[in-house]
Amino acid sequence: MKAFIHLLLGLGLSTALFAQEEVEIDVYPPSQIPDRIMLTWETEPHNSQSVTWRTSTVVEKAYAQICVATATPDLADRAVVYKASSTKLVSDQNIALYHSVNFTELLPNTTYAYRVGDSAVWSEWLHFTTASEEQAPFSFIYFGDAQNDLKSRWSRTIRGAYSKMPDADFLLHAGDLVNRPNSDHEWGEWFYAGGWIYGMMPSIATPGNHEYERGANRTRILSRHWRPTFRFPQNGPKGLGMEETVFYMDYQGTRIISLNSTIFSFNKEIAEAQVQWLIPLLENNPNDWTIVTMHYPVYSSKFGRNNPKLRKVLQPIFETYGVDLVLQGHDHTYGRGGENIPTGTKVQEIEGPVYVVSVSGPKMYDLSMEDWMRRGASNTQLYQLIHVSADTLRFEAYTTVDELYDAFELYKLPNGKTQYLDMTPADVPELLELPPRYSEDFSETQLDLFQERYKAYMKKKEKAEEKREAREERPDDRK
């Protein structure tokens, strides 16, 4: 950047536009070549698939072609053509067109090939597979906050996760995908990190506080990039600006719900609207499993944070209506547990969901080590693989170097109740140390307080360990 400014000075040009150090060169400019290709769902996953992509404004008309994928290369000859709808996005660095198509009337459980373009310049052919119309096993990958150093240090997490489970059915992002909501450069890095994975594996995302900019009177304004980038169901509360942030979809016997806990905490009207929408959605749920994702967590895993409003309102609803798993972000640490989650490896019946907070990017906080946590991690990038079948949900958390760090299973009984089995790897210690910046910046008093928390947490763990039963007890021992 400095060399570029020196060049301008040498040419006698003004540097007034470069007065702020935050100014970045547009290294991810749009062109006629389609980029930022993103698969999502706005209608039923078993018979539709949405795709969005970006081009420069020279593209006047955009299209998508699709056909059932076979090993033969004559794809274009068999393809059905869809005309895209387009919207202009003026970002902080450029002006681009975002295009979208919703492929409809597709066959369930079928692999399709598709490409996008303007009839002269096309993307590569990409594949996706529709969901089954019936209940069937599936898997997905869950990421906590990516947020920072997306190209440099988050890329290894998403690529490692894909390499670990390339046949996953979709990705789930629990908010704070970027750090600055309207930074085209950061969105460019997010797409650079995931690359063609986004065009082959659909994404579900819920917005975090970093997908919002601050407005007047404590208002929050959703990133200009959110709705052009994603096409999510518009089946949430109406008329309050929550479109494509609060929604649900049913996927092969599981109801997946996105709540906007970021705005929930700032707007009483929006909080009430989400609650009134959520209760009948859970009450009239024909699926065996229910998974909620939201950014601000019910139980915080960062020391000093607390969300009592969320806990007071949402926890009783989750417990009353049988939510099984809540996937969250925001706290830049790892925590798994809940007040109703037992310790030990014995298969036990539980009431209420398992709560998870995780982080996939490099920004790290200090761990709370509170009573609700059954497993925690500090200063650790992770991704999570989740496998769902008719009667079993298996959760696995891996570090970004592919080490299994945490695991548990849930079993759905014929009477609708749920059993839980902690499957934490016995030979992997908890990673509880302070991130380096805290070790360096904390005062002696703060370090002493941390040590007190650490000792209390470890003492609690030791007592739980004394009560643990032999690990030989396996799922076959279910009641």
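Side-chain atoms are counted along with the backbone in the values below, which use heavy atoms only and exclude waters and symmetry mates.
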For this session: Tell me, with the steps shown, if R220 and N267 meet side-chain hydrogen bond (donor to acceptor under 3.5 Å, both in side chains).
Result: CA-CA 9 Å; R220 297 294 187 269; N267 187 304; over 6 Å; no
Exercise. Run the side-chain contact (heavy atoms from CB on, under 4.5 Å) check on M294 and L314 step by step: do they pass?
Worked result: CA-CA 11 Å; M294 58 190 198; L314 293 180; 3.9 Å; yes
For this session: Using the side-chain hydrogen bond (donor to acceptor under 3.5 Å, both in side chains) rule, take W187 and T229 through it: C-alpha gap first, then chi angles, then the decisive distance, then the call.
Result: CA-CA 10 Å; W187 284 103; T229 297; over 6 Å; no
For this session: Starting from the C-alpha separation in whole Å, work towards a yes-or-no answer on side-chain contact (heavy atoms from CB on, under 4.5 Å) for L310 and Y296.
Result: CA-CA 8 Å; L310 281 176; Y296 282 178; 3.6 Å; yes
Problem set entry | Working for side-chain contact (heavy atoms from CB on, under 4.5 Å), residues Q274 and M242 | CA-CA 9 Å; Q274 289 191 65; M242 288 184 284; 3.7 Å; yes
Problem set entry | Criterion side-chain hydrogen bond (donor to acceptor under 3.5 Å, both in side chains) on R255 and T290, from CA distance to verdict | CA-CA 5 Å; R255 177 153 288 180; T290 304; over 6 Å; no
Exercise. Between D184 and R224, is a salt bridge (Lys or Arg N to Asp or Glu O under 4.0 Å) present by the stated rule, with each step listed?
Worked result: CA-CA 10 Å; D184 190 79; R224 295 192 298 271; over 6 Å; no
Problem set entry | ring pair (Phe, Tyr, Trp, His ring centres under 6.0 Å) assessment of Y28 paired with W190 | CA-CA 11 Å; Y28 303 107; W190 190 80; over 10 Å; no
For this session: Decide yes or no on side-chain hydrogen bond (donor to acceptor under 3.5 Å, both in side chains) for E349 and T418, but give the supporting numbers first.
Result: CA-CA 6 Å; E349 191 171 294; T418 303; over 6 Å; no
Exercise. Between M165 and S139, does a side-chain contact (heavy atoms from CB on, under 4.5 Å) hold up when you go through it step by step?
Worked result: CA-CA 9 Å; M165 196 162 69; S139 300; 3.7 Å; yes
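In this structure, D176 contributes its side chain and H210 its backbone to a donor-acceptor pair below 3.5 Å. Under the 3.5 Å distance criterion, the side-chain polar atoms of R375 are matched with a main-chain donor or acceptor of Y405.
Residues E211 and V178 share a closest heavy-atom pair of OE2-N, 3.2 Å. Minimum interatomic distance between A62 and S86 (heavy atoms only, all atoms of both residues): CB-OG, 4.5 Å. For the residue pair N148 and P362, the shortest heavy atom distance occurs at O-CD, 3.2 Å. Closest non-hydrogen pair, G160 versus D402, comes out as O-OD1, 4.0 Å. The shortest non-hydrogen separation linking A193 to R159 is O-NE, 3.0 Å. Across P181 and H225, no two heavy atoms sit closer than the pair O-CD2, 3.9 Å.
To the nearest 0.5 Å, the span separating CD on E213 from OG on S223 amounts to 8.0 Å. Considering OG1 of T52 and CZ of R227, their distance stands at 13.0 Å, rounded to 0.5 Å. A distance of 9.5 Å separates NE2 of H173 from CD1 of I204, quoted to the nearest 0.5 Å. Expressed to the nearest 0.5 Å, how far CD1 of I141 lies from OG1 of T157 amounts to 11.5 Å. Summarising the geometry, atom CE belonging to M423 is positioned 13.5 Å from atom CZ belonging to F395; distances are rounded to the nearest 0.5 Å. Of the inter-residue distances, the one linking Q252 atom CD with E134 atom CD reads 10.0 Å to the nearest 0.5 angstrom.
Residues Y212 and P207 are in side-chain contact: their nearest non-hydrogen atoms beyond the backbone lie under 4.5 Å apart. Contact check for Q419 versus L410: no side-chain heavy atoms found under the 4.5 Å cut-off. A 4.5 Å side-chain heavy-atom check between S301 and W372 finds at least one atom pair inside the cut-off. Between P353 and F318 the shortest side-chain heavy-atom distance falls below 4.5 Å. Looking at heavy atoms from C-beta onward, V313 lies in side-chain contact with V275 at the 4.5 angstrom threshold. You'll find the side chain of E269 reaches within 4.5 Å of the side chain of L240, heavy atoms only. Between Y142 and V356 there is a side-chain heavy-atom pair separated by less than 4.5 Å. Put simply, the side chain of Y251 reaches to within 4.5 Å of the side chain of P45, judged on heavy atoms.
Counted by atom type alone, E319 and N340 present one or more donor-acceptor pairs between their side chains at under 3.5 Å. In summary, the side chains of T254 and N287 do not present any donor paired with an acceptor at a separation below 3.5 Å, with no hydrogens or angles considered. For the residue pair Q328 and Y299, no side-chain donor N or O sits within less than 3.5 Å of a side-chain acceptor on the partner. For the residue pair H330 and N209, a side-chain donor N or O sits within less than 3.5 Å of a side-chain acceptor on the partner. Under the 3.5 Å distance criterion, with hydrogens and angles disregarded, no donor-acceptor pair is assigned to the side chains of R153 and Q381. Between the side chains of S265 and N307, not a single donor N or O lies within less than 3.5 Å of an accepting N or O. In summary, the side chains of S258 and T293 do not present any donor paired with an acceptor at a separation below 3.5 Å, with no hydrogens or angles considered.
When Y383, Y162, F170 are each tested for a ring-ring contact (aromatic ring centres under 6.0 Å, His included) with F140, only one passes: F170. The side-chain contact (heavy atoms from CB on, under 4.5 Å) test with H99 singles out one residue from V59, D118, V116, and that residue is V59. For the salt bridge (Lys or Arg N to Asp or Glu O under 4.0 Å) with D406, the lone residue among R394, R374, R336 that qualifies is R336. Of the listed residues (Y82, F128, W125, Y63), just one forms a ring-ring contact (aromatic ring centres under 6.0 Å, His included) with Y114, and that residue is F128.
A 6.0 Å sphere centred on CD1 of I33 holds no more than 12 heavy atoms belonging to other residues, nucleotides or ligands. Applying the 6.0 Å contact sphere to NZ of K238 captures more than 12 heavy atoms from other residues, nucleotides or ligands. The neighbour count for E351 CD, taken as heavy atoms of other residues, nucleotides or ligands under 6.0 Å away, does not exceed 12. Heavy atoms from other residues, nucleotides or ligands lying under 6.0 Å from CZ of R214 number 12 at most. Other residues, nucleotides and ligands contribute more than 12 heavy atoms inside 6.0 Å of the OH atom of Y112.
The pair K412-D324 counts as a salt bridge, with a side-chain nitrogen and a carboxylate oxygen less than 4.0 angstrom apart. Residues E189 and K151 are not paired through a salt bridge, judged by the lack of any N-O separation under 4.0 Å between the basic side chain and the carboxylate. Remark: R305 engages D331 in a salt bridge, criterion side-chain N to carboxylate O under 4.0 Å.
Relative to the six-membered ring of W53, R36 misses at least one condition, a distance below 6.0 Å or an angle of at most 45° to the axis.
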